[in-house]
S.K.: 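Below: one structure in structure tokens.
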Amino acid sequence: DKQIGNAETQIEYLEYEIECLEEDIVIAEENIKYSEEQYAKKELIRQDRLIAYYKSGTLSFWDTLLSAESLWDFFYRYKLMEDLMEYDATLLASIEEQRLEIESQKTQLESNKVVCEQKKVLAEEQKLALNDTKEIRTTYLAKLEKSEDVLEESIDELQKKADALTEQLKKLSIQVF
């Protein structure tokens with residue numbers, strides 16, 4: 001009974017772990033979907049920036065700077081161009097970072113799925129083993145009960161014989177005296 005109780009407790013714990021993993025998997029899939037949507041948006045921005053850059057070409061950079069009307073305007077345009085290049089570099093770094101994060105999340109998700117499946121298989125094996133143990137126990141108890149019934153019948157029969165012999169001894173002892 002104690003072993004069966006322990007096995008049932010282990011199965012319940014495995015089922016709890018499986019439930020938690022399945023919840024984690026659902027959350028991870030939602031996070032990946034959101035991250036992929038954000039990645040797609042940033043990728044579209046990057047593509048738009050590249051198209052604009054290729055359309056304007058490198059001369060546009062110099063044209064913008066050289067068309068300045070004053071020194072202050074030149075530095076202002078230079079600063080704007082510098083900020084734009086910095087934005088592009090930050091955007092590219094952000095896109096790469098997000099791509100790596102998505103890959104990491106997908107790897108973790110697949111790992112969780114594998115662990116979850118392994119735990120499901122283990123839980124199923126333990127359930128089958130527990131059911132086999134319960135069946136063996138039930139069969140054994142039934143045999144014990146049958147043996148107990150046979151022994152009780154034998155004891156009852158022997159008791160009747162002992163009672164009969166006791167009666168005969170009493171009758172004989174009464175006749176002797």
Side-chain angles (χ1 to χ4, degrees), residues 1-140:
D1 286 342
K2 188 175 182 180
Q3 289 176 337
I4 290 174
N6 288 342
E8 288 173 339
T9 302
Q10 286 177 342
I11 291 170
E12 288 172 3
Y13 183 72
L14 274 173
E15 288 173 343
Y16 170 76
E17 285 182 320
I18 291 168
E19 186 179 312
C20 289
L21 279 170
E22 287 174 342
E23 288 174 6
D24 289 347
I25 288 169
V26 168
I27 291 169
E29 287 172 340
E30 290 171 359
N31 288 341
I32 289 171
K33 182 180 177 184
Y34 176 77
S35 293
E36 286 176 336
E37 288 170 359
Q38 295 302 312
Y39 177 81
K41 288 177 184 177
K42 287 181 180 179
E43 188 62 28
L44 282 174
I45 293 170
R46 184 190 67 84
Q47 288 174 4
D48 290 345
R49 290 288 305 130
L50 283 174
I51 290 170
Y53 178 75
Y54 284 121
K55 281 184 179 178
S56 66
T58 56
L59 286 179
S60 176
F61 174 77
W62 291 111
D63 288 341
T64 303
L65 290 178
L66 294 176
S67 64
E69 294 177 7
S70 67
L71 189 57
W72 184 87
D73 190 27
F74 177 83
F75 287 119
Y76 177 75
R77 289 174 185 235
Y78 181 80
K79 176 67 174 143
L80 285 176
M81 297 301 280
E82 190 176 69
D83 289 348
L84 191 57
M85 285 188 274
E86 186 178 319
Y87 171 78
D88 289 345
T90 303
L91 179 64
L92 288 174
S94 171
I95 290 171
E96 180 62 16
E97 182 181 319
Q98 195 158 23
R99 184 187 65 77
L100 293 173
E101 180 63 29
I102 290 170
E103 286 179 14
S104 173
Q105 288 175 346
K106 285 182 176 181
T107 301
Q108 184 63 42
L109 174 64
E110 290 307 312
S111 174
N112 283 350
K113 284 181 177 180
V114 168
V115 169
C116 187
E117 284 305 311
Q118 289 172 341
K119 288 187 183 280
K120 283 180 180 179
V121 168
L122 180 61
E124 192 59 35
E125 288 173 353
Q126 287 186 355
K127 283 179 186 177
L128 291 173
L130 178 62
N131 288 340
D132 288 346
T133 301
K134 284 180 177 180
E135 190 175 313
I136 290 169
R137 179 178 173 251
T138 302
T139 304
Y140 182 71

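Every heavy atom of this structure was used, including side-chain atoms; hydrogens, water molecules and symmetry mates were not. If you read the sequence from its start, that first residue is 1, and numbering goes on from there.
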S.K.: Please identify each residue that fulfils salt bridge (charged side-chain N to carboxylate O under 4.0 Å, His left out) with Glu43, with sequence neighbours left out.
M.R.: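 Counting only residues at least two positions away or on another chain, Glu43 forms a salt bridge (charged side-chain N to carboxylate O under 4.0 Å, His left out) with Arg46.
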S.K.: Judged by atom type as modelled, is there a donor-acceptor pair below 3.5 Å linking the side chain of Ser104 to the main-chain atoms of Leu100?
M.R.: no
S.K.: What's the spacing between Leu130 CG and Ile11 CD1 if we round to 0.5 Å?
M.R.: 4.5 Å
S.K.: With sequence neighbours left out, what residues match Ser70 under side chain to side chain donor-acceptor pair (under 3.5 Å)?
M.R.: none
S.K.: Would Lys106 and Ile102 count as a side chain to side chain contact (heavy atoms under 4.5 Å, CB included) here? Give the steps.
M.R.: CA-CA 6 Å; Lys106 285 182 176 181; Ile102 290 170; 3.8 Å; yes
S.K.: Working to the nearest 0.5 angstrom, can you tell me the gap between Leu109 CG and Ile27 CD1?
M.R.: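 Rounded to the nearest 0.5 Å, the CG-CD1 separation comes out at 12.0 Å.
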S.K.: Using the side chain to side chain donor-acceptor pair (under 3.5 Å) rule, collect all pairs that involve residues 83-92, keeping only residues at least two apart or in two chains.
M.R.: Arg49-Asp88, Lys79-Asp83
S.K.: Using side-chain contact (heavy atoms from CB on, under 4.5 Å) as the criterion, list what pairs up with Ala68, not counting sequence neighbours.
M.R.: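 Ala68: side-chain contact (heavy atoms from CB on, under 4.5 Å) contacts with Asp73, Phe74, Arg77.
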S.K.: Output the distance between atom OG (Ser35) and atom CD (Gln98), rounded to the nearest 0.5 Å.
M.R.: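 Ser35 atom OG to Gln98 atom CD measures 5.5 Å (nearest 0.5 Å).
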S.K.: Suppose we screen for side-chain contact (heavy atoms from CB on, under 4.5 Å). Which residues come up paired with Arg99, at least two apart in sequence or across chains?
M.R.: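 Checked Arg99 against side-chain contact (heavy atoms from CB on, under 4.5 Å); matches are Tyr39, Glu96, Glu103.
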S.K.: Is it the case that more than 12 heavy atoms not belonging to Glu69 sit under 6.0 Å from its CD atom?
M.R.: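 No.
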S.K.: Return the CD to CD1 distance between Glu117 and Ile18, rounded to the nearest 0.5 Å.
M.R.: 8.5 Å
S.K.: Partners of Phe75 by side-chain contact (heavy atoms from CB on, under 4.5 Å), sequence neighbours excluded?
M.R.: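 side-chain contact (heavy atoms from CB on, under 4.5 Å) check on Phe75 returns Leu71.
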S.K.: For residues 121-128, dump all side-chain donor-acceptor pairs below 3.5 Å to protein atoms at least two apart in sequence or in another chain.
M.R.:
unit_1 : atom_1 : unit_2 : atom_2 : d
Lys127 : NZ     : Glu15  : OE2    : 2.7

S.K.: In chain order, what residues pass the side-chain contact (heavy atoms from CB on, under 4.5 Å) check against Glu17, with sequence neighbours excluded?
M.R.: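 With sequence neighbours excluded, Glu17 shows a side-chain contact (heavy atoms from CB on, under 4.5 Å) to Tyr13, Leu14, Lys119, given in chain and number order.
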S.K.: What's the spacing between Leu65 CG and Met81 CE if we round to 0.5 Å?
M.R.: 6.0 Å
S.K.: Would you check, one step at a time, whether the test salt bridge (charged side-chain N to carboxylate O under 4.0 Å, His left out) holds for Lys41 with Glu36?
M.R.: CA-CA 9 Å; Lys41 288 177 184 177; Glu36 286 176 336; over 6 Å; no
S.K.: Sequence neighbours left out, what passes salt bridge (charged side-chain N to carboxylate O under 4.0 Å, His left out) with Glu97? Give chain and number order.
M.R.: none
S.K.: With sequence neighbours left out, write down each residue that passes salt bridge (charged side-chain N to carboxylate O under 4.0 Å, His left out) with Lys2, or none if nothing qualifies.
M.R.: none
S.K.: Is there any salt bridge (Lys or Arg N to Asp or Glu O under 4.0 Å) pair reaching into residues 23-34, and which pairs are they, with sequence neighbours excluded?
M.R.: Glu29-Lys113
S.K.: Quick check for you: to the nearest 0.5 Å, what is the distance between Leu44 atom CG and Lys42 atom NZ?
M.R.: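 That separation rounds to 13.0 Å.
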S.K.: Examine the side chains of Asn131 and Glu135 and answer whether a donor and an acceptor come within less than 3.5 Å of each other.
M.R.: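 Side chains of Asn131 and Glu135: no pair found under 3.5 Å.
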S.K.: Keeping to residues at least two apart or across chains, list the side chain to side chain donor-acceptor pair (under 3.5 Å) pairs with something in residues 3-12.
M.R.: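 For residues 3-12: Glu8-Lys134.
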